[in-house]
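Down below is the structure, laid out as structure tokens.
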Amino acid sequence: MITRSLDAFKANGQIVIVGASLAGLRGAEALRDEGFGGRLTIIGDEPHAPYDRPPLSKQVLEGWVKADRTKLPHRREIDADWRLGVAATGLDRTKKLVRLGDGTEVPFDRLLITTGVRARQWPNPAEAGLEGVFTVRTCDDAARLQAALAARPRRVLIIGAGYIGSEMASVCRKLGLDVTVAERAAAPLAGALGNVIGAIAAEMQRDAGVDLRTGVSVSALEGDSRGHVCRAHLSDGTRLDVDLVLASLGSIRNVEWLDGARLAAGYWGLGCDAGCRVFDVHGVVTDDIFVAGDVARSPHVLFGYQFLSMEHWDNAVLGAAVAAHNMVCEELDRRAHLLVPTNWSGQFGVNIKSVGVPSFGDEIAFTQGAVTERRFAAAYGRNGRIVGAVTFNQGKWLQHYEALIMRSSPFPPPPAGFDVPADARSVPADFPPRGVGAPDVILTGHDPNERQAELVQPPR
Amino acid sequence: MTPEQAFAEAMKFENRPNPYPFFDELRKTPVARTAHGIYVVTGYKEIIALAHDPRVSSDLRNGSLLAMIRGGDSSGAPSDADSGMAEMLDKYGGDTMMILSDPPDHSRMRRQAMRHFGPPHCPDLIPSMEEYSVRIVNDLLDKLKGKHRFDVVDDYAYPLPVAVICKILGVPVEDEKQFHVWIAEFLGGMDLGPEAATEEGKRRQAKGRESRTELTKYLIGLIERAEKKGGEGMIAQLVHDTGPDGRMSSSEILQNCILLLVAGHDSTVNLLAHCVLTLLRNPGSIDKLRKRPELIPRAIEEVLRLESSVQFFPSRSALSDIEIAGTTIPSGAPIFLMYTAGNRDPAQFPDPNTFSLERDAKESLGWGAGVHTCFGGPLARLEVNVGLETFLRRVRNPRLVVDPPPYRPSQIFRGPLHCEIEIDGIEDRGAS
Ligand SMILES: Cc1cc2nc3c(=O)[nH]c(=O)nc-3n(C[C@H](O)[C@H](O)[C@H](O)COP(=O)(O)OP(=O)(O)OC[C@H]3O[C@@H](n4cnc5c(N)ncnc54)[C@H](O)[C@@H]3O)c2cc1C
Ligand code: HEM
């Protein structure tokens, strides 16, 4: 890059974006906004034009919106070469090109990676292949699942009660379907919000008629003679007759296509600096490769410079804008991706919103409202400062907590002047222990000058 | 100019057509202490922060504004200069309406009212007002056929929202002649500016008090009738509410019905009139909107940003010491969030005094912010949209007669008293 002037690059350079979804589209638009006039290629393995995912577990499954009707609006003309329905299968950093599944190669001066995540499948492939076993990440998933729900299964089993599993359980109850939720942790949403809030979410599910079973996992699925799922075996020995199973087991980062490229890509995502520039396997920053959206992982100043991956809509939008800016600017104009993440979810008639990183906290204090009415705000703290907050049907106050988090204000925050909860003391937030992933990388070589990082292929 | 002087100027009647230079002056201190220890907030981000701060109350019973005005005077009696403000607070005291309450009562009342007004329980009410609104504005223009001059306020902007809110509440629209005068006098009597102390000001306050009493008596009559006989509309629905939150107390019903009747049309009139005024002041914009009517909603938001119908709402006070923008607002101090000034904060809206159809003014403070954000926004947007779209389509070559037009006295609810225009005629209904 130093050899070519920035102006020449902006006029005639080549940028390739891999991943044609929210971050990819917004990144492309931002590149054009930033005055990039060169060649832009967008590669996506899904055959569809970029579409929005949040409605897929909400309005689409309720039947309000068709699964193919959540296309993302284009904010401007992009003038790009769209290569949809073909996956990127490799990255050659020496020749600076991306290899595609159809055998073609696309050269780039700069690359933006927005390959996101995919749904973790039910681990036993034979059982995962049974008719009636679903995951939901794509619009095709949602279309199939919507049709299956419309056929009114007698009992739905949802495995995993994170946000998506819980939203799905709510949809099932709205549709009047019997539903069992099996969650390994002590409560729904425990991973995102901790067990204190999880206990409230559990009550919501039970009040709505969900057969919620916590502290159990599903050990096996069984099919009938037609290959349709008919029964589930739980770790507590119970058996359950079910004819629809949704596995909502979290996500897997789409980084396999980067194998061999010696980038800091692994189980937790693709590492980058706060300006979206990708790290190589040694943690050294690259010049021409950028990343944004669900697949990215970057250090955040507010959270002890820890690497965070934020699988949220606003992270994809803002991250893509920052990446695009930094791809076409001078060093001194670089911006940082300093999102205070927010997340929202609708379930069981309650609008849940969070800001900051609740799971970074270890204490929680209810600050406003009444838990019994499911109308409250709570703040999360760590080392005496506020790092996150959650609201149930109190979203209008979220900005206040966001401002407190941005200023790293003391925890617990100053008491509200009204609508103060009966018990406002701070208590442990009680997050389940974090799963330890397989090691991604090891060091080889004895002499410090000879040390090399080697990626370890995790079992996939 | 001190902040105190700037605020007094901004509130003066003679500056009503253009208070903005004084707000610019004030914004140099985005959170400024002014007369009576009132903290006036003019910076966009400071307004947003305080509107979302749970240490800021909207309940006048918490605020010491009243006590301070009275208590500050050793005799305990309100001084002449203050009586306007004390008066208005007295009027709003007693039982609360949602706009003058805090959670949890606020949230409950808002839910109870929303149940009969909007989604999820009544998703069709507002959309069902569209056809009615179109008919009203077309009838109004039909009546103006053959004329070459009319008043946008009295002849066009006013009748539409009044008819709609009457229908929604179940208030007989024939009674409009009575309550129109009461509401005008009652709002005219709420003077927060220096003129409150004049003979004329005092006369207006006395009139305002009487009118407020008349309006209250009138609404009590409607509520009692609904109690006995039921009937259509929100008044009857609130009286006979069987929702999950139960029924509001009778005084809450009264207060919220007064609020809905007044807030439900007054600001809409001001916005529609300001829309016409602003478009006529910006040559070319009318042609542009006629060609691209899909830009009308955006134009409306931009007018609301530039000419905020609700300049501020003087209900708020601090419940503890609040540090903001280098100032500490002491516990108990009244706080005025000047939406109208935040809407022209150059840090938020570049080139803030320019009317621009390119701007996305959705982040404006015209509808307020936080839990008290306008309850009736979707209805108001529909009405102004129908009103403006029909005006642009049917009124041929409109021209302002006087600029600036005369303004109404209220500092809170700012809008033209009249807005005379000359026209070449009115197109037929079907014409496009
Ligand atoms: C059901 C559901 C509900 C959600 N609800 C919410 C919500 O309420 N609030 C919220 O904030 N967020 C929500 N999210 C998360 C939000 O949708 C994501 O944060 C967002 O989609 C991230 O965008 P992205 O572009 O980074 O990744 P993705 O949307 O995952 O896009 C990545 C794209 O890259 C493609 N791709 C992957 N590998 C390759 C390859 N090798 N070659 C070519 N293309 C490739 C993928 O197929 C995909 O199209 C939800 C997600 C789901 C699935
Ligand atoms: C253009 C028209 C309108 C404008 C500009 C407007 C503006 C506002 C503003 C700024 C507030 C916030 C007040 C505060 O800070 O406390 C508000 C509140 C309110 N408005 Fe409107 N309004 C309009 C029309 C309407 C209509 C049509 C209705 C009724 C149907 C309505 C009913 C209310 C109510 C009930 C509140 C109080 C809400 C609460 O306290 O929670 N408004 N409005």
Side-chain angles (χ1 to χ4, degrees), chain A residues 33 58-59 62 64 73 75-76 170 174 207 340 342 346-351 353 355 365-379 386 389 391-410 412-422 424, chain B residues 44-64 96 100-111 114 119-121 123 244-245 316-325 328-329 331-333 335 358 360 363 365 367-375:
Chain A
D33 282 345
K58 308 176 181 81
Q59 295 89 331
E62 281 170 31
W64 289 102
R75 289 188 302 125
R76 55 161 297 148
S170 167
K174 251 196 197 165
D207 286 359
V340 179
T342 57
Q347 43 182 287
F348 306 103
V350 175
N351 197 339
K353 292 186 176 180
V355 61
F366 289 92
T367 48
Q368 286 176 264
V371 171
T372 48
E373 295 169 26
R374 286 162 199 162
R375 185 185 57 74
F376 64 84
I386 177 170
T391 59
F392 276 42
N393 280 346
Q394 290 280 286
K396 280 271 161 64
W397 298 107
L398 211 66
Q399 292 191 33
H400 172 62
Y401 295 96
E402 180 177 359
L404 293 177
I405 294 165
M406 283 172 63
R407 291 196 303 270
S408 275
S409 299
F418 42 79
D419 206 12
V420 183
Chain B
Y44 180 91
K45 65 176 198 296
E46 288 81 11
I47 294 172
I48 288 282
L50 290 168
H52 292 92
D53 195 316
R55 296 166 298 174
V56 175
S57 170
S58 277
D59 190 333
L60 290 171
R61 294 169 300 188
N62 279 329
S64 57
T96 56
L100 296 178
S101 64
D102 294 327
D105 288 336
H106 167 265
S107 341
R108 171 185 49 79
M109 283 189 265
R110 197 161 159 133
R111 281 197 303 271
M114 194 52 92
H121 206 256
D245 290 301
R316 288 178 177 77
S317 58
L319 294 180
S320 47
D321 291 359
I322 298 175
E323 262 189 74
I324 181 159
T328 302
I329 305 176
S331 179
I335 302 172
E358 312 306 318
D360 185 1
E363 301 292 307
L365 300 166
W367 306 100
V371 290
H372 293 281
T373 299
C374 184
F375 171 92

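Each chain gets a letter, A, B and so on, in the order the sequences are listed, and its residues count up from 1.
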TODO: Can you see which heavy atom on B:P103 is nearest to which on A:W397, and at what distance?
DONE: CG-CZ2, 4.0 Å
Open item on the list: Heavy-atom cut-off 4.5 Å, strictly under: side chain, backbone, both or neither for A:P413 against chain B?
Closed with: neither
Open item on the list: Could you measure the distance from the CD atom of A:Q399 to the NE2 atom of B:H52? Nearest 0.5 Å is fine.
Closed with: 3.5 Å
Task: B:P104 versus A:D419, closest heavy-atom pair with distance - done: CD-OD1, 3.4 Å
Open item on the list: Quick check: do B:S58 and A:F418 have side-chain heavy atoms less than 4.5 Å from each other?
Closed with: no
Open item on the list: Which heavy atom of B:G370 sits nearest to which heavy atom of A:K396, and what is that distance?
Closed with: O-CD, 3.1 Å
Task: Which atom of B:R55 lies closest to which atom of A:P414, heavy atoms considered - done: NH1-CG, 3.7 Å
TODO: Measure distances from B:R111 to the heavy atoms of chain A and classify the residue's part below 4.5 Å as side chain, backbone, both or neither.
DONE: side chain
Task: Side-chain heavy atoms of A:E373 within contact of B:S107, under 4.5 Å - done: no
